[in-house]
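Just so we're clear, the structure is a prediction, and the values are computed from it rather than from any experiment. Numbering of ligands and ligand atoms starts at 1, following listing order.
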Amino acid sequence: PGKIVEIKGKIGVVDYFGEQKNVLMDFAKAKVGDYVYAQGGLVVNTISEREALEILEAWKDMFFALKKADEKLSVIEDIPASQKLLAILQKVNLGKPFVKEELLSLLRTSNKDELRLFYENANNVRQKTHGNACCVHGILEFSNVCEQNCFYCGIRKGKRLKHYRMSSGEIIGAARYAAEELGFKALVLQSGEDSWYTAEILAPVVEAIRAMGVLVFLSIGSREKELYKSLYEAGARAALLRFETSNEKIFESVRPGTTLKGRLELIEYLKKLGYVLATGFIVGLPNEREEDVVNNILLTKSLKPEMYSFGPFIPAAGTPLVKHALVDKNLLLKVIAIARLADQDSNILVTTALETLDKRAKREGMLAGANSLMINITPRRYKKLYCIYDNRADNNIAIKKGIKETIDLLHSLGRAPTDLGVHIAR
Ligand code: SAH
């Protein structure tokens, strides 16, 4: 928790051990002097001073030790590199914006030393803009029924699959366990595009989870605008909706019957409604060129999201793309590092798909500029049925084990699971 030290209209300033972050006060009735939890830059809960001081006392030493460790891991070593790369990286210090050609050139980095230097620079920018804060959300996959037929996705309509739909009671129960027993302050509710879940069903679920002092994050695909509006009114405040690819042709070839324009319109609409936005793309779709990857990063930036979410394409059994090639882990690390350099104060997620590609990639991604993670809290019997791609890294990991692994990783990197605040200029 942090303490509110100032309120300017809708914006509050929260102090965490002397470090101050801006947050949106939103609907939490907090005043100066109150102790609060914030997530995604929104105040989600207030707690008593006694409880807050107890927690802060337990955290104090650890907090400063972690900060020190992070600073140590964020130095840029003296690594030999070409003049060309050095000139591009130098732009960060000069505060100059990158042109597309430079981002393409970064994407083509292949020399081992140069990659190291590139990642270290991105990690250094992450440390300077965000300190050691790391956003950790829980994700609950509540239905694998989907009405879309995306070529890449393992829960597409055209695939034979054992289906499940969690009832309202089950969703609320799983969320309560995550919030009350495990301490999550933000939960992503993800599903296929399943019109069985109407506003009448989902709004009370959102209200109930919101009442637990949790930020409700929706990831329900291209559903109706009215549904998103009702769920905002019910208390959902964040939405994860990737545009998947900035290349119209690729988009239409892998998402039959839908358009990029329509997806982008919905993303803009969600922002207009006031949702905190997480968006991004898949890396490695068929016919994708290097330029598309850079365009994907630039399109994400232009949408001004609070969080970047992108991951590698991973083949899924029973889909048209099952035989399509896997992408190289370094490509993903480069995309993380480019996104960090091109949009310095962004929040960048390391996704489960990247971890699925390579067990070490979670750690490497966090050291290449990423500052956010998600932990799967879907009940085990459902998790294995939510098979958007094969061999998911977290498939056989119990929730508590997943949390322990994440906390251990964060500690080894000197990161703390605290709120990242909100960018007021956005
Ligand atoms: N139905 C929702 C949520 C989908 S799952 C929606 O469409 O937004 C969340 C993300 O998983 C998708 O946005 C997509 O980018 C990703 N995904 C789906 N299949 C994938 C695959 N085979 N490999 C990698 N990522 C995949």
Colleague: If you count only heavy atoms, which residues are under 4.0 Å from ligand 1?
Modeller: Tyr152, Cys153, Gln190, Ser191, Gly192, Ser219, Gly221, Leu241, Arg242, Glu244, Arg263, Ile282, Pro312, Phe313, Ile314, Tyr386, Ile388, Tyr389
Colleague: Taking NZ, NE, NH1 and NH2 as the nitrogens, is one of them in Lys329 or Asp358 under 4.0 Å from a carboxylate oxygen of the other?
Modeller: yes
Colleague: Just jot down the salt bridge (Lys or Arg N to Asp or Glu O under 4.0 Å) partners of Glu405, sequence neighbours excluded, or say none.
Modeller: Lys401
Colleague: Which residues satisfy the salt bridge (Lys or Arg N to Asp or Glu O under 4.0 Å) test with Arg108, sequence neighbours excluded?
Modeller: Glu290
Colleague: Just how far is it from atom CD1 of Ile314 to atom CD of Glu355, taken to the nearest 0.5 Å?
Modeller: 10.0 Å
Colleague: Does atom CG of Asp113 have more than 12 heavy-atom neighbours from other groups under 6.0 Å away?
Modeller: yes
Colleague: Report the residues that fulfil salt bridge (Lys or Arg N to Asp or Glu O under 4.0 Å) with Lys67, sequence neighbours left out, ordered by chain and then residue number.
Modeller: Glu19
